[in-house]
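The analysis underlying the following values was restricted to heavy atoms, covering all of them including side chains, and did not include hydrogens, waters or symmetry mates. Since this is a predicted model, take the numbers as computed values, not measurements.
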Amino acid sequence: MKSVIVVGGGLAGVRAAEALRNRGHEGEVTLVSAERHRPYDRPPLSKAVLAGDRDDTTVEADWDALRVRLLLGERATGLRPAPGGGGTLATTAGDLGFDGLVIATGATPITLPGDGPQHVLRTIGDALALRERLTRGARVVIVGAGWIGAEVATAAAAKGCAVTVVEAADTPLANAVGPEVGALTAPWYAAAGVTLRTGVKVAAVEPGGLLLAGGDRIEADEVVTGVGVRPCVDWLEGSGLLVERGVVTDASLRVTTEAAHGEDASRAGDAARGGRGTVRPDIVAAGDCAAWWSRRYGRRLLVEHWDTALNAPDAAVATLLGRETVYDAVPYFWSEQFGRMVQYAGHHPAADRLLRRGDPTGDKWAVCWLAGDRLEAILTVGRPRDLVQGRRAIAAGARVDPEALADPGVAVRDAVRS
């Protein structure tokens, strides 16, 4: 393999470039990034950068030693895979030929309708621009009480802004962890001096505030939209790759190709489910844009969090270089909000039971999701040891003693049945 292109300049992109060299690729490596900045970490944007503690989150990498050609400020515009392998990447810098391709184009924030100004938080530029507007007394309205919304509310309240959070669901974090658990975080808003309005839908962002679905208005100096992201995959239209929300891959992160009919369609369906089918071993995908097949959960996952961007690229590159590799990590993410460290590991939709571990009105507690007596997921607040031990138990497919697990005085590992 003479030439590999990495498309995407986020964490997944830089980790892919590093993995190529660490795994012995001696050919050309080109990284194409739509941003003009060198790759940087995104989690600090809604934390340390908004708080004013940091201005730069650039990922440390020795680009000279890596021998990577950086095309910064250039965007992928199309892809033409060749039937026998390799192909051409169309970019704003011109067409680039490749033998291997890593797709790591990440995601872009969803915005709301309307002609009023709205902030999103995805890039370092977004974070610095918003930080300048978070001044004492400013009326800041945040749409979305998810992870990003809560973190922006935390920073804005700390700077003395008058903060209102509007959420369409009945509780914060309803989509992420379910309404029962999300409701446990609602008191945090009032305690921080933040007004939380749930069950409220926004019709449009207008100059000076929000127009709500019922016709009411909320006046605002600044509107921040935090209602989720979409994978950056529009540029793949017409490429022949299968895209359903994200770029569809098998368990080894090889992309799946579209199939028109008959036997080819059947094989493509198998590939989309993680089995053998129509895949491209010379094209892999990782990070926020990849919808990968999880053998652990028996379904396709699209995990838009830092841990996946950090670890999946190594597996993708191993696959690209011809090594038999499966990526099947336990999903993990964290959030810092209202003075609390919130961590989550696992995947809870298949669970049939929720148990509390400690008093959720206190500073340190956890909840666990079980399927029968198997631990499926855990969320912790101020209990990092529980998270570490719980994640290991989930990875091992461990069965637990529910009574012991519900006792916060018993270590999670001691609740695992031998």
Nearest atoms (heavy-atom pairs only) where [X] meets [Y]:
| X | Y | result |
| --- | --- | --- |
| Pro402 | Arg417 | CD-NH2, 4.0 Å |
| Arg80 | Ala90 | NH1-CB, 4.2 Å |
| Val416 | Ala393 | CG2-CB, 4.0 Å |
| Leu196 | Ala145 | CD1-CB, 4.2 Å |
| Thr171 | Pro179 | OG1-CA, 3.4 Å |
| Val227 | Val143 | CG1-O, 3.6 Å |

For [X], look at atom [atom1] and say whether over 12 heavy atoms of other residues, nucleotides or ligands are found less than 6.0 Å away.
| X | atom1 | value |
| --- | --- | --- |
| Asn175 | CG | no |
| Gln118 | CD | yes |
| Arg413 | CZ | no |

Ignoring hydrogens and angles, tell me if any N or O in the side chain of [X] forms a donor-acceptor pair with the backbone of [Y] under 3.5 Å.
| X | Y | result |
| --- | --- | --- |
| Thr154 | Phe338 | yes |
| Ser3 | Phe98 | no |
| Ser239 | Leu241 | yes |
| Arg131 | Val49 | yes |
| Thr325 | Arg323 | yes |
| Arg374 | Gly397 | yes |
| Thr256 | Val279 | no |
| Thr319 | Ala315 | yes |
| Arg299 | Trp293 | no |
| Arg21 | Ala65 | no |

side-chain hydrogen bond (donor to acceptor under 3.5 Å, both in side chains) partner of Ser335, chosen from Glu151, Gln343, His305 = Glu151
Close side-chain approach of [X] and [Y], heavy atoms under 4.5 Å:
| X | Y | value |
| --- | --- | --- |
| Val29 | Leu66 | no |
| Ile103 | Ile283 | yes |
| Leu184 | Trp365 | yes |
| Ile142 | Val163 | yes |
| Phe333 | Val342 | no |
| Val4 | Leu101 | no |
| Val120 | Thr111 | yes |
| Pro172 | Trp188 | no |

Atom pair [atom1]/[atom2] of [X] and [Y] - distance to nearest 0.5 Å:
| X | Y | atom1 | atom2 | answer |
| --- | --- | --- | --- | --- |
| Ile394 | Leu375 | CD1 | CG | 4.5 Å |
| Thr278 | Arg254 | OG1 | CZ | 11.5 Å |
| Cys232 | Arg75 | SG | CZ | 7.5 Å |
| Asp414 | Leu405 | CG | CG | 11.0 Å |
| Thr88 | Leu96 | OG1 | CG | 8.5 Å |
| Leu112 | Thr225 | CG | OG1 | 4.0 Å |

After noting the C-alpha distance and the side-chain angles of Met341 and Val381, does the key distance pass the side chain to side chain contact (heavy atoms under 4.5 Å, CB included) rule?
-> CA-CA 6 Å; Met341 170 61 80; Val381 177; over 6 Å; no
Before giving the answer on side chain to side chain contact (heavy atoms under 4.5 Å, CB included), spell out for Arg392 and Val388 the whole-Å C-alpha distance, their side-chain angles and the decisive distance to 0.1 Å.
-> CA-CA 6 Å; Arg392 289 173 181 163; Val388 171; 3.7 Å; yes
Is [Y] paired with [X] through a side-chain N to carboxylate O contact shorter than 4.0 Å?
| X | Y | answer |
| --- | --- | --- |
| Lys364 | Asp386 | no |
| Arg67 | Asp62 | no |
| Arg122 | Asp288 | yes |
| Asp314 | Arg23 | yes |
| Arg300 | Glu244 | yes |

Go through Val165 and Arg197 one step at a time and tell me if the side chain to side chain contact (heavy atoms under 4.5 Å, CB included) criterion holds.
-> CA-CA 6 Å; Val165 177; Arg197 296 182 59 178; over 6 Å; no
Take Asp99 and Lys2 through the salt bridge (Lys or Arg N to Asp or Glu O under 4.0 Å) test and state the conclusion after the steps.
-> CA-CA 6 Å; Asp99 300 307; Lys2 295 181 179 179; over 6 Å; no
Indicate, with yes or no, if the rings of Tyr344 and Trp147 have centres closer together than 6.0 Å.
-> no
Just checking, is any N or O donor in the side chain of [X] or [Y] under 3.5 Å from an acceptor N or O on the other one?
| X | Y | answer |
| --- | --- | --- |
| Thr92 | Glu74 | yes |
| Glu167 | Thr198 | no |
| Glu35 | Ser33 | no |
| His347 | Glu376 | no |

Can you check salt bridge (Lys or Arg N to Asp or Glu O under 4.0 Å) on Asp41 and Lys47, steps first, answer last?
-> CA-CA 11 Å; Asp41 248 346; Lys47 304 173 181 70; over 6 Å; no
Any idea how His37 and Tyr40 line up, ring-wise: parallel (<30°), tilted (30 to 60°), or perpendicular (>60°)?
-> perpendicular
Stepwise side chain to side chain contact (heavy atoms under 4.5 Å, CB included) check, Leu302 with Trp292 = CA-CA 7 Å; Leu302 183 66; Trp292 48 277; over 6 Å; no
